[in-house]
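Predicted model, so just to flag it, every value in this text is computed and none were measured. In listed order, ligands and their atoms are each counted from 1.
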Amino acid sequence: MHQKTLKIGITGGIGSGKTTVCKIFETLGIPIYYADDRAKHLMTADETLITGIQNLFGMAAYAPDGSLNRPYIAQIAFNDPSKLKALNALVHPAVRYDAKMWHESQLNKPYTLQEAALLFENGSYSLFDKIIVVSAPQEVRLQRVLQRDKIDSKAVLARMAQQLPEMDKLNKADFVVYNDGKTLLVPQVMAIHQKLTF
Ligand code: ATP
């Protein structure tokens with residue numbers, strides 16, 4: 001009989017390279033759950049969640065075609081922390097349940113990976129067998145995000161300030177992938193894969 005499929009979480013600060021590292025695991029046949037992408041999907045697909053969001057933000061939260069009015073919600077949530085908290089309290093359980101169902105549907109895999117920016121911050125790290133932290137110096141992360149997104153450095157630094165400090169993440173990690181732009185990624189991923197497979 002195949003052993004239990006391990007549940008591995010992968011996290012790291014904004015711009016650390018979580019998605020980049022996940023793509024390497026994907027080439028090894030490991031199923032990946034991208035929590036942030038999935039949350040966006042559920043916000044327009046999960047009826048209970050949609051109703052909850054409409055109750056919280058009003059009917060203007062959705063356009064007539066059913067798409068989410070992101071700028072509208074962001075504007076309110078940004079100015080009212082209690083709304084942001086309430087939104088998270090709706091979205092997190094929905095994602096948690098969806099992720100659980102997804103993990104259980106992955107048969108005959110040694111492990112699955114779930115990518116999430118805020119694994120430690122929202123307490124969901126306790127759901128995982130092991131945690132991988134992708135680490136890169138703040139300056140490197142900042143430059144990457146500035147290059148990738150149309151965003152100013154003040155906005156990136158504000159998001160960084162909401163995340164757990166790098167050192168705290170490293171202390172909680174079972175595995176660390178150093179993505180500083182100098183250390184090769186593939187050998188690091190292979191070493192972790194080997195440990196999780198044998
Ligand atoms: P976020 O939390 O913002 O979603 P992330 O941790 O998933 O970010 P990625 O999207 O993987 O990070 O990487 C951020 C940007 O940096 C991307 O444009 C990616 O292509 C680039 N990048 C990541 N790692 C490297 C690397 N080792 N060398 C060069 N560019 C890299």
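The environment of CE in Met101 is crowded: more than 12 heavy-atom neighbours from other residues, nucleotides or ligands sit within 6.0 Å.
When only interatomic distances are considered, the shortest N/O to N/O separation between Val145 and ligand 1 does not fall below 3.5 Å. The shortest N or O to N or O distance between Arg159 and ligand 1 is not under 3.5 Å. An N or O contact shorter than 3.5 Å is missing between Leu185 and ligand 1 by distance.
Residues Thr11 and Lys18 share a closest heavy-atom pair of C-CD, 3.6 Å. Smallest separation of non-hydrogen atoms from Pro137 and Asp180: CD-CB, 3.9 Å. Considering all non-hydrogen atoms of both residues, Val156 and Ile151 come closest at CG2-CG2, 3.8 Å.
Using the six-membered ring where Trp is involved, Trp102 and Tyr33 have ring planes that are tilted, between 30° and 60° apart. In this pair, Tyr72 and Phe57 present their aromatic rings perpendicular. The plane angle is above 60°, beyond the 30 to 60° band.
With a 4.0 Å heavy-atom cut-off, ligand 1 is reached by no atom of Ala117.
At the top of the distance list for atom 30 (N) of ligand 1, counting protein heavy atoms only, stands Arg144 NE, 4.2 Å. From the protein, the heavy atom lying nearest to atom 11 (O) of ligand 1 is Thr20 OG1, 2.6 Å. Shortest contact from atom 24 (N) of ligand 1 to any protein heavy atom: Asn179 ND2, 2.9 Å. Distance from atom 2 (O) of ligand 1 to its nearest protein heavy atom, with residue and atom name: Lys18 NZ, 2.6 Å. Ranking protein heavy atoms by distance to atom 7 (O) of ligand 1, first place goes to Thr19 OG1, 2.8 Å.
Applying the side-chain hydrogen bond (donor to acceptor under 3.5 Å, both in side chains) test between Ser135 and each of Glu166, Arg141, Lys169 identifies Glu166 as the sole match.
Taking every heavy atom of Ile14 and a limit of under 4.0 angstrom, the matching atoms of ligand 1 come to 2 (O), 3 (O). The atoms of ligand 1 that sit less than 4.0 Å from any heavy atom of Gly13 are 6 (O).
The closest approach between any non-hydrogen atom of Ala136 and ligand 1 is not below 4.0 Å. Using a 4.0 angstrom heavy-atom cutoff, Gly15 counts as in contact with ligand 1.
When the salt bridge (Lys or Arg N to Asp or Glu O under 4.0 Å) test is applied to Asp98, the partners found at least two apart in sequence or on another chain are Arg38.
Here the shortest heavy-atom distance to atom 1 (P) of ligand 1, taken over Arg148, Glu115, Arg141, Gln143, belongs to Arg148.
For the atom pair Leu113 CG and Gln106 CD, the distance stands at 11.0 Å (nearest 0.5 Å).
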